[in-house]
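Below, read A as the first sequence line, B as the second, and so on, with proteins coming before strands; counting in each chain starts at 1. These values consider heavy atoms only, across backbone and side chains, with no hydrogens, waters or symmetry-generated copies.
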Amino acid sequence: MTEQITPKTNFIRDIIDEHNRTGRFGGRVHTRFPPEPNGYLHIGHCKALCIDFGIAEDYGGLTNLRYDDTNPVKEDEEYVDAIKEDIHWLGFDWGDREYYASDYFEQLYDMAVQLIRKGKAYVDDLSAEEMREYRGTLTEPGKESPWRNRSVEENLDLFSRMRAGEFADGTKTLRAKIDMSSPNMNMRDPVMYRILHTSHHRTGDAWCIYPMYDFAHGQSDSIEGITHSMCSLEYENHRPLYDWFLDELEIFHPQQIEFARLNLTHTVMSKRKLRKLVEGGYVDGWTDPRMPTLAAMRRIGYPPTAIRKFIEMVGVAKNENFVEIELLEHVVRDELNLTVPRRMAVLRPLKVILDNYPEDKTENFEVPDYPQNPENTDTRQVPFGREIWIEQEDFMEEPAPKYFRLAPGREVRLMNAYLITATRVEKDEKGQVIAVHCTYDPETRGGSAPDGRKVKGTIHWVSAAHAAEAEIRLYGHLFEDEFPEDLPEGEVFTDHVNPNSLEVLSGCKLEPSLAHAGVGESFQFVRNGYFTLDKPSFEDGKRVFNRTISLVDTWAKMQK
RNA sequence: UGGGGCAUGGUGCAAUGGCAGCACACCGGACUUUGAAUCCGUUGAUCCUGGUUCGAAUCCAAGUGCCCCAGCCA
């Protein structure tokens with residue numbers, strides 16, 4: 001089995017240990033996982049998920065699930081269920097602590113009023129464009145809004161009328177009164193509330209003003225008693241604001257801690273781009289096997305334990321990183337190797353005829369299901385006959401150096417069956433090999449010779465008389481490495497979908513036992529890729545398989 | 001060029017003043033009923049310069065490089 005990972009130290013644990021030493025939170029560790037319900041969770045979110053839940057678990061603390069649903073124009077109920085399913089699939093649980101930032105809209109409103117009363121917030125009439133001009137630049141300070149010094153009474157009145165729906169979208173905002181010349185752009189009077197006459201997936205039309213992330217997140221953490229609020233690096237510049245609101249409001253003050261998000265080679269992680277793929281019909285939804293979503297990984301048979309192990313191996317730090325997809329695949333394969341049964345399937349079939357095998361004889365071989373796992377000795381019966389299918393690439397008429405598989409005059413082992421020797425080939429009018437004639441050695445039943453002679457090659461096979469027919473879809477990575485930052489529209493966009501990411505092979509030959517396997521079952525493939533039965537399981541009366549990149553990689557290695 | 005952050009083999013993560021280590025990848029070998037897997041091994045790194053120290057990846061100083069911030073997104 002996979003080796004135990006030694007518990008890693010990381011800077012987050014150092015911070016928490018320090019808090020525990022000083023007693024800042026009374027030894028309590030309470031985290032939250034705060035997805036915005038605007039898409040499916042992908043492997044990148046998984047890192048945050050594992051950190052939020054994992055750290056709390058390690059310290060005997062709790063983790064809340066909290067949807068950061070402060071922007072109704074982007075969010076949808078469809079995603080909240082999908083997110084919950086993914087979290088549970090990974091084996092994490094938030095108990096009954098399922099919260100929504102929108103649960104706090106009333107409290108947040110009261111807090112805003114409180115800040116207005118303190119003279120720390122004001123209603124601004126600047127348009128979005130004007131606000132941008134007033135904000136200044138990275139190197140030049142901003143200017144104060146002409147509306148910045150309205151009286152508390154006027155601000156109170158205007159803000160309540162904003163809530164009442166008197167003003168159109170974009171005509172007014174509520175802003176924090178901080179410092180227009182701050183070198184940190186987030187402190188230049190950030191917007192707290194904007195007007196959005198849009199109905200919200202949970203609060204419906206109860207509100208037409210919605211809090212910004214910065215005005216909602218810290219207070220939500222505070223309300224829930226979160227002690228450690230982990231987020232990605234880009235929020236570092238927001239921490240002063242996170243702290244400012246909490247301090248001005250004089251409420252419980254959690255600690256925000258930032259870490260580097262996960263980047264994976266060959267993998268598009270931007271939710272915006274993934275969404276565009278789905279909406280543009282470039283893929284078959286969020287669970288398309290080519291997507292990096294957890295739902296897609298579940299569909300193609302990645303074990304959740306392997307994904308968690310992968311995240312653990314990646315570690316946590318503040319360095320910008322690009323983890324190689326090979327690590328993920330290694331971890332997944334490592335587990336699948338022991339846990340899913342092995343089967344034989346021929347993707348690109350070539351007929352082999354055993355000339356000295358009785359015409360209508362059939363026999364069964366007992367074959368181990370888990371040859372790699374000494375603790376599981378399950379076997380199955382695999383039928384064998386005079387005509388069999390082998391992989392086209394397992395035969396070379398003129399073998400290359402170091403090629404150990406079948407060639408004229410050469411003896412190889414049919415895995416778990418017999419040793420066979422190629423005698424002659426049959427070709428069509430174009431000179432293509434359409435069948436290979438062989439002789440088998442009846443003394444080698446099971447694949448070993450009584451005289452002890454060895455063969456260098458072993459190949460897989462499927463009995464022609466018993467084979468199940470299938471169309472198999474080979475899924476690889478969806479994208480080329482270079483994916484445009486600004487996603488182009490229409491035709492141009494398709495240029496960036498890797499054509500090799502989906503290869504459909506028809507006429508594949510499968511072991512008969514696979515013909516009865518059910519949707520969702522995973523199998524180790526004969527050359528150590530693997531595949532998962534997927535729906536739709538039948539198309540035009542043929543079973544359809546989806547499988548993952550692992551096989552493609554293995555295949556690519558075999559070719560070179 | 002304002003502010004914030006980060007620099008350790010190809011990649012990711014450790015080492016918190018004391019022999020720079022682990023995993024993946026790569027290469028080589030062994031073994032094998034697939035050339036996969038497994039096992040073993042090799043190569044390979046502290047951004048630069050100076051300083052403190054018996055001793056620096058670690059502390060100090062000055063550089064260099066990369067990332068983030070000018071949404072009424074999160």
Interatomic distance, Asn337(A) CG vs rU34(B) C1' [rounded to whole Å]: 13 Å

Glu320(A) (side chain) and rG5(B) (base): donor-acceptor pair under 3.5 Å: no

base_contact_polar (rA23(B) base, Glu324(A) side chain, donor-acceptor, <3.5 Å): no

Nearest to side-chain heavy atoms of Arg132(A), which nucleotide of rA70(B), rC13(B), rU33(B): rA70(B)

Sugar-phosphate only, base, or nothing, as touched by Asn416(A) at under 4.0 Å among non-hydrogen atoms: base

Side chain Asn237(A) and base rC68(B) donor-acceptor under 3.5 Å: yes

Sugar-phosphate, base or nothing in reach of His238(A), heavy atoms under 4.0 Å: base

Base-paired stems that RNA chain B participates in, counting runs of 3 or more Watson-Crick or G-U pairs under 3.5 Å: B:2-7 with B:64-69, B:10-13 with B:21-24, B:27-30 with B:38-41, B:49-51 with B:59-61

Touch class at under 4.0 angstrom, heavy-atom based, for Ala317(A) against every strand present: sugar-phosphate

Side-chain N,O (Arg333(A)) to OP1/OP2 (rA37(B)) below 4.0 Å: yes

Whether His19(A) and His228(A) hold their rings parallel, tilted or perpendicular, with breakpoints at 30° and 60°: parallel

Torsion-based syn/anti label for rG71(B), 90° from 0 as limit: syn

OP1 or OP2 of rC24(B) under 4.0 Å from side-chain N/O of His330(A): yes

Backbone of Asp189(A) reached by a side-chain donor or acceptor of Lys177(A) within 3.5 Å: no

Parallel, tilted or perpendicular: ring planes of Trp286(A) versus Tyr79(A), cut at 30 and 60 degrees: perpendicular

Short N-O contact, Lys143(A) and Glu133(A), less than 4.0 angstrom: no

Sugar-phosphate, base or nothing in reach of Lys271(A), heavy atoms under 4.0 Å: nothing

Base of rG4(B) paired with side chain of Arg239(A) (donor-acceptor, under 3.5 Å): no

